[in-house]
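Below: one structure, written as C-alpha cells.
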Amino acid sequence: MEIKEDYLIEVSSDFEEYWRYNIYIECGCFDADDTRCGFTSTEDVISPVGAGMRTKPDNYKSPRVVSLEAESCDHLLMRLYIVPHLLPEDNIISHSEPFDVDITVTRGGRRLLDRTLKINRWAGISLPIFVKG
C-alpha cells in the first residue's frame, strides 16, 4: 500500500515593508511520467496593484507566511510571483536594497527545499521552482 504524503509549501518574510507586495503561488503536480495529475494555487493580496495604499494594514502580522498544500505526487513545478502593489517610498533605486524571502517545501516531515531568495524591491519576482519528492 502506497503512503500518500502531501507537500507543504511556505513562503515567508519578516521584511518590514513586505506588506507592499502581493504573493501568488501556482503549483502543478506531476506523476513519474511527467503527466500533470493535479494543480493548486493560492494568493495573498494586500491591495490591488496601483490602488495607492500608503500605510501598512492594521491587521498585518510579521513574519508574513503564505502556505499552500499540494497533493502527493512524484514532483512539483511551481511558479512563485511576488508582485509590488506599491513601490518603495524613496525613488532612488540604490536606497532600496533587495530583501529576503524564505521558501520551504516539506513532504512527510522531510525538507525538500529550503531556499532564501533576494527580492528586488522595484520588480518583485517571477520564478519557476522544480521540486522532486
Side-chain angles (χ1 to χ4, degrees):
M1 181 174 157
E2 182 182 342
I3 297 174
K4 298 288 185 180
E5 295 179 332
D6 291 346
Y7 293 85
L8 176 61
I9 301 145
E10 294 183 313
V11 176
S12 64
S13 180
D14 60 3
F15 173 56
E16 185 177 324
E17 295 187 24
Y18 198 37
W19 63 270
R20 292 175 175 265
Y21 300 83
N22 294 330
I23 314 304
Y24 307 89
I25 306 168
E26 297 177 345
C27 183
C29 305
F30 294 84
D31 65 19
D33 294 327
D34 208 27
T35 301
R36 192 171 89 182
C37 54
F39 180 84
T40 187
S41 65
T42 192
E43 60 183 45
D44 185 14
V45 175
I46 299 288
S47 179
V49 173
M53 178 181 201
R54 293 287 175 206
T55 59
K56 177 172 55 174
D58 292 336
N59 62 348
Y60 182 82
K61 294 179 184 172
S62 184
R64 178 177 171 199
V65 180
V66 179
S67 298
L68 176 65
E69 287 189 27
E71 66 186 59
S72 182
C73 62
D74 181 71
H75 60 277
L76 305 176
L77 181 56
M78 300 180 290
R79 281 258 181 213
L80 171 62
Y81 302 94
I82 300 176
V83 180
H85 66 79
L86 182 65
L87 296 175
E89 282 190 42
D90 189 334
N91 64 2
I92 299 172
I93 292 175
S94 63
H95 292 176
S96 299
E97 293 294 320
F99 64 94
D100 291 343
V101 167
D102 297 316
I103 180 166
T104 59
V105 178
T106 57
R107 182 179 187 199
R110 297 180 323 273
R111 192 167 291 228
L112 303 175
L113 178 69
D114 189 1
R115 187 171 168 196
T116 298
L117 307 170
K118 294 285 187 191
I119 307 300
N120 179 306
R121 289 175 60 180
W122 290 85
I125 197 169
S126 169
L127 181 70
I129 301 168
F130 177 85
V131 177
K132 177 105 168 117

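These numbers were taken from a predicted model, which means no experiment stands behind them. Hydrogens, waters and symmetry mates play no part in the numbers below; they use all other heavy atoms, side chains included.
Distance CG/Leu8 to CZ/Arg111: 9.5 Å, rounded to 0.5 Å. To the nearest 0.5 Å, atoms CD (Glu71) and CD (Glu5) are separated by 14.0 Å. With rounding to the nearest 0.5 Å, the separation of CD in Glu26 from CE in Met78 is 12.0 Å. Here the CG atom belonging to Leu77 is positioned 10.0 Å from the CZ atom belonging to Arg36, to the nearest 0.5 angstrom. Taken to the nearest 0.5 Å, the OH atom of Tyr81 stands 13.0 Å off from the CD1 atom of Ile23. In this structure, Ile119 CD1 and Glu97 CD are separated by 14.0 Å, a value rounded to the nearest 0.5 Å.
In plain terms, the two heavy atoms of Leu86 and Met53 that are nearest each other are CD2-O, 2.6 Å. What you find for Ser13 and Ser62 is that their closest heavy atoms are O-OG, 4.4 Å. Scanning both residues, Phe99 and Val101, for their nearest heavy atoms gives CE1-CG2, 3.5 Å.
No single ILVMFWY cluster, assembled from side-chain heavy atoms under 4.5 Å apart, contains both Leu117 and Tyr24. Residues Val49 and Val45 share a hydrophobic cluster, clusters being chains of Ile/Leu/Val/Met/Phe/Trp/Tyr side chains in contact below 4.5 Å. In the hydrophobic cluster analysis, where Ile, Leu, Val, Met, Phe, Trp and Tyr join through side-chain heavy atoms closer than 4.5 angstrom, Leu68 is grouped together with Ile129. Residues Leu76 and Ile125 share a single hydrophobic cluster, defined by chaining ILVMFWY side chains whose heavy atoms lie under 4.5 Å apart. By the criterion of side-chain heavy atoms lying less than 4.5 angstrom apart, applied directly or through intervening Ile, Leu, Val, Met, Phe, Trp or Tyr residues, Val83 is not grouped with Trp19; the two fall into different hydrophobic clusters.
The local environment of NZ in Lys132 is crowded, with over 12 non-hydrogen atoms from other residues, nucleotides or ligands closer than 6.0 Å.
Residues Ile82 and Leu80 are in side-chain contact: their nearest non-hydrogen atoms beyond the backbone lie under 4.5 Å apart. At a threshold of 4.5 Å between non-hydrogen side-chain atoms, the residues Asp100 and Lys118 count as touching. Side chains of Tyr60 and Ile46 form a contact here, defined as non-hydrogen atoms less than 4.5 Å apart. In this structure, the side chains of Ile9 and Ser67 stay at 4.5 Å or more apart for every pair of heavy atoms.
At least one donor-acceptor pair closer than 3.5 Å links the side chain of Asn22 to the backbone N or O of Ser47. A donor-acceptor pair is defined here as one N or O able to donate and one able to accept, closer than 3.5 Å; such a pair exists between the side chain of Tyr7 and the backbone of Cys73. Side-chain atoms of Arg121 do not come within 3.5 Å of backbone N or O of Leu87 as any donor-acceptor pair. The backbone N or O of Ser12 lies less than 3.5 Å from no partner atom in the side chain of Tyr18, so there is not a single donor-acceptor pair. Side-chain N or O atoms of Asp33 include none that pairs as donor or acceptor with a backbone N or O of Thr35 at under 3.5 Å.
Between the side chains of Ser41 and Arg79, no donor-acceptor pair of N or O atoms lies under 3.5 Å. Using a 3.5 Å distance cut-off with no hydrogens or angles, the side chains of Asp102 and Thr116 do pair a donor with an acceptor.
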Going through the checks in order, is the side-chain contact (heavy atoms from CB on, under 4.5 Å) test met by His75 and Asp34? CA-CA 8 Å; His75 60 277; Asp34 208 27; 2.8 Å; yes
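Salt-bridge check for Arg107 with Asp6: failed, with every basic side-chain N at 4.0 Å or more from each acidic carboxylate O.
With sequence neighbours excluded, no residue satisfies side chain to side chain donor-acceptor pair (under 3.5 Å) with Asn59.
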